[in-house]
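Nothing fancy with the numbering, it's 1 onward along the sequence. Worth knowing before you read on, the calculation uses all heavy atoms, side chains too, and leaves out hydrogens, waters and symmetry mates. This structure is a prediction, so every number in the text was calculated from the model and none was measured.
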Amino acid sequence: MSIPYDYEAIVIGSGFGGSINTCRLAKKWPGQVLLLERGKRYPKGSFPRSPQTMADNFWNVPLEQRKRPKNIATKRQTHGMFDVRNFDNMDALVCAGLGGGSLIYANVFLQPPDEVFDENWPETCKKAALQPYYAVSKAVLGARPIPQNDDPRRQIIRTGLFKAFAESEQRDSKLLDINVFFGNDFDNPLDIGEQDKNRYGATQTSCVYCAECDVGCNTHSKNTLDLNYLFVAERRYGAQIKTEVLAQKIVPLNADGAEDSSANGEYGYKVYWLNLHGNTECVAVSRRVVVSAGTLGTNELLMRCRDVHKTLPNISQQLGKHFSGNGDFLSFVIDGDKPADPNYGPVITQGTDYNLFKDFNRENAFILEDASFPNFAAWYTEGLRPGFSHWRAFIRTATLVFLRFVRGITTGEIGYAFNALLKDNLSFTTAVLLCMGIDKSNGVMQLDAHGALNVKWPYRDSLPLYEAILAVGERFKTWAGGKFFLPLPNWIWPIRNNITVHSLGGCRLAEDACQGVTSSALHNFGQVFGYQGLYVADGALLPTAVGANPVATISALSERVAEGITGIAPDADL
């Protein structure tokens, strides 16, 4: 019997792994690749900014019965970008939207040091073996340091602040490669705000230094996946993209084209998904499936197929093990005596090495990066600032604004009042410290009673790393003359919850199903053990934390998965 396939491949999820594989597979099979993405499209200028739209910019689909913060869980159904998950000693933030995490990540493209690739990484996944794939993905994503020239608008105060701190600590600091558009010619950047088409034909704006990278770039200055891999996949190769659809189930087919949970995928798969507008069930048949729903989404979908739907019963029992938060740790040094200006420039510009790249020490290896937050958040910070003098300045300013309209006083007097209100502002002297490191990668993902994913994170095992990070934060406070050093409140005892934006693991690459979930062999790289034509391509593949921002490694591994499927070596021309 000839099975009537709808597609050569269905890709679930549009993060780095999903976008790369959609593009590469669509090039091999034009018009025969389908991408399923649960979030929305975000055209230029569509990212929320008003209080109301920001409040609704969270992912909340009640039918998922997922544990969420109460203020989100009690809302009506919303399909916003920010998906906040509450787990045991670990909370996670992931993104929903076409382009996945690229819509809200901090842009950094950074290869980990050789020492990260230890005995848990098969030989085919070592750093040397991945070099061609690092190089190609870096070129496509346009990674480069922030331009350095005489334009005063290019000067970022916090970059110099963190560099000076690194020198005081006798640590190495360098500008990091970031996936941000400054024009196509790296040696001659476009003026700030000038537009041009990138090498793939998408219109972008030379970075306007607004510090809004993490809440969606409304000027399309971030090199998000919808402006390169996905742009080419859809425009050039006819990939079909469905948004606001939620993948539900993957079922293997037998030789007759019937659903058969005992089949191994040789004859393809039937994929079920839910259209979130109307909650209607849809289905398609494909020769192969690439699961790229992000670490949390991929593990959850495969676990449900194995343990709830019983459609993929032979997936390795290693599924869900070796979870890592990549050592993520965010903190603040508040009200220092040195300017920081965290509301200007790309969200990260530099990194300071703490035993990750030099004098590697696995117990406490991490990198310290300068982070920023948007201007509108700075206004909120100022609104919360206590103090009688600040309150008095506020009253005086409000009074003058009122008198401007009632009595017609000059706007100059109001200007002076605003100066008194905002001078020495709190946000300008607040430094945001973002750290990533080598945690123990020993978390476990499991399904709860509702079939939703839960993570058990033994934070005590990684305390040497967290304590080293906290010690650096305290030294930064002293050096910068800060009034307070504040880790995120979730870390305050006895809560001790970490927050990660870099969930990794659970479908680790390995030589056999006793050690991992996906194959590290070159001919079927990333294929799920026991299932032909079923692949994983996202952060779930990583055997351990990488310490450095993981986007580069996820992209390199995903390019390698795509090459194994298509037989075509990747190039930057797409």
Side-chain angles (χ1 to χ4, degrees), residues 7-13 15 17-18 20-22 24-25 36 120-122 124-125 247-254 259-273 285-323 444-447 453 503-543 554 557-566:
Y7 300 98
E8 286 289 335
I10 293 176
V11 180
I12 300 171
I20 287 170
N21 275 269
T22 298
R24 300 303 185 186
L25 272 59
L36 303 176
N120 294 295
W121 293 72
T124 55
C125 310
Q248 298 286 287
K249 185 169 57 174
I250 303 168
V251 188
L253 306 177
N254 60 25
E259 296 184 15
D260 187 346
S261 61
S262 68
N264 69 355
E266 177 183 359
Y267 301 103
Y269 297 88
K270 186 174 286 187
V271 177
Y272 289 81
W273 68 88
V285 176
S286 176
R287 292 184 184 274
R288 54 190 64 79
V289 177
V290 180
V291 186
S292 303
T295 293
L296 302 180
T298 290
N299 278 275
E300 182 175 76
L301 178 59
L302 293 180
M303 284 183 187
R304 284 179 175 172
C305 289
R306 185 189 66 184
D307 303 332
V308 178
H309 304 304
K310 312 291 186 182
T311 58
L312 299 172
N314 297 323
I315 295 178
S316 168
Q317 292 303 306
Q318 293 295 314
L319 179 64
K321 296 181 179 179
H322 309 289
F323 170 88
V444 177
M445 289 174 275
Q446 300 170 326
L447 295 182
L453 194 77
S503 298
L504 305 172
C507 298
R508 73 189 321 194
L509 290 154
E511 294 177 357
D512 58 59
C514 294
Q515 303 175 68
V517 177
T518 53
S519 173
S520 62
L522 294 180
H523 70 283
N524 61 357
F525 195 87
Q527 184 171 272
V528 176
F529 287 118
Y531 290 96
Q532 183 176 320
L534 178 62
Y535 297 86
V536 171
D538 57 26
L541 292 174
L542 275 64
I554 293 170
L557 290 172
S558 298
E559 286 279 16
R560 186 64 194 83
V561 171
E563 181 179 347
I565 297 173
T566 64

How far apart are the C-alpha atoms of I565 and V290, what are their side-chain angles, what is the distance that settles it, and do they pass the side-chain contact (heavy atoms from CB on, under 4.5 Å) test?
CA-CA 10 Å; I565 297 173; V290 180; 3.9 Å; yes
Between P252 and Y267, is any pair of side-chain heavy atoms under 4.5 Å apart?
no
Quick one: does L312's side chain get under 4.5 Å of L534's, heavy atoms only?
yes
So how far is it from R287 CZ to E266 CD, rounded to the nearest 0.5 Å?
11.5 Å
Under the salt bridge (charged side-chain N to carboxylate O under 4.0 Å, His left out) test, which residues partner K249, sequence neighbours left out?
none
Measuring only between side-chain heavy atoms, which start at C-beta, is N120 closer than 4.5 Å to H322?
no
Determine the minimum heavy-atom distance between S292 and V11, stating which atoms define it.
OG-CG1, 4.3 Å
Determine whether a donor-acceptor pair (N or O, by modelled atom type, separation under 3.5 Å) exists between the side chain of E8 and the backbone of R288.
no
Given 3.5 Å as the limit, does a donor-acceptor pair link the side chain of T518 with the main chain of R508, or not?
yes
Which residues satisfy the salt bridge (charged side-chain N to carboxylate O under 4.0 Å, His left out) test with E563, sequence neighbours excluded?
none
Nearest 0.5 Å, what's the CD-CG distance between Q532 and N264?
6.0 Å
L542 vs W121 side-chain heavy atoms within contact, under 4.5 Å
yes
Output yes when a side-chain donor or acceptor of T124 lies under 3.5 Å from a complementary backbone atom of S520, and no otherwise.
yes
N/O donor-acceptor pair under 3.5 Å between Q248 side chain and Y272 backbone
no
Would the distance check show the side chain of Y531 and the main-chain N or O of N314 forming a donor-acceptor pair, the cut-off being under 3.5 Å?
yes
V561 and N21 have their tightest heavy-atom pair at CG1-OD1, 3.8 Å
Backbone N or O of Q515 within a donor-acceptor pair of the D512 side chain at under 3.5 Å?
yes
Identify the two heavy atoms, one from G516 and one from F529, that lie closest to each other, and give their separation to 0.1 Å.
O-CD1, 3.6 Å
If I take atom CG from residue L302 and atom CG from residue D307, how far apart are they, to the nearest 0.5 angstrom?
10.5 Å
May I have the step-by-step check of side-chain contact (heavy atoms from CB on, under 4.5 Å) for I315 and M303, ending in yes or no?
CA-CA 8 Å; I315 295 178; M303 284 183 187; over 6 Å; no
Decide side-chain contact (heavy atoms from CB on, under 4.5 Å) for L296 and M445; before the verdict, give the C-alpha distance in whole Å, the side-chain angles of both, and the deciding distance to 0.1 Å.
CA-CA 8 Å; L296 302 180; M445 289 174 275; 4.2 Å; yes
Just by distance, do the side chain of T295 and the backbone of S503 share a donor-acceptor pair under 3.5 Å?
yes
Is there a side-chain contact (heavy atoms from CB on, under 4.5 Å) between Y535 and L541? Walk through the geometry before answering.
CA-CA 10 Å; Y535 297 86; L541 292 174; over 6 Å; no
Would you confirm whether D538, through its side chain, and A293, through its main-chain N or O, come within 3.5 Å as a donor-acceptor pair?
yes
Check whether any side-chain heavy atom of R560 sits under 4.5 Å from a side-chain heavy atom of L522, and report yes or no.
yes
With the side chain counted from C-beta on, respond yes when L253 and E259 share a heavy-atom pair under 4.5 Å apart, and no when they do not.
yes
Please name the pair of heavy atoms, one in K310 and one in S261, separated by the smallest distance, quoted to 0.1 Å.
O-CB, 3.3 Å
Indicate the atoms forming the closest heavy-atom contact of F323 with V444, along with that distance.
CB-N, 4.2 Å
Point-to-point distance, once rounded to the nearest 0.5 Å, from CG of L301 to OG1 of T298:
7.0 Å
I need the I10 CD1 to T22 OG1 distance, nearest 0.5 Å.
11.0 Å
Nearest heavy-atom pair of S558 and G17: which atoms, and what distance?
OG-CA, 3.2 Å
What's the spacing between S286 OG and K270 NZ if we round to 0.5 Å?
12.5 Å
Mind checking whether L319 and C507 have side chains closer than 4.5 Å, heavy atoms only?
yes
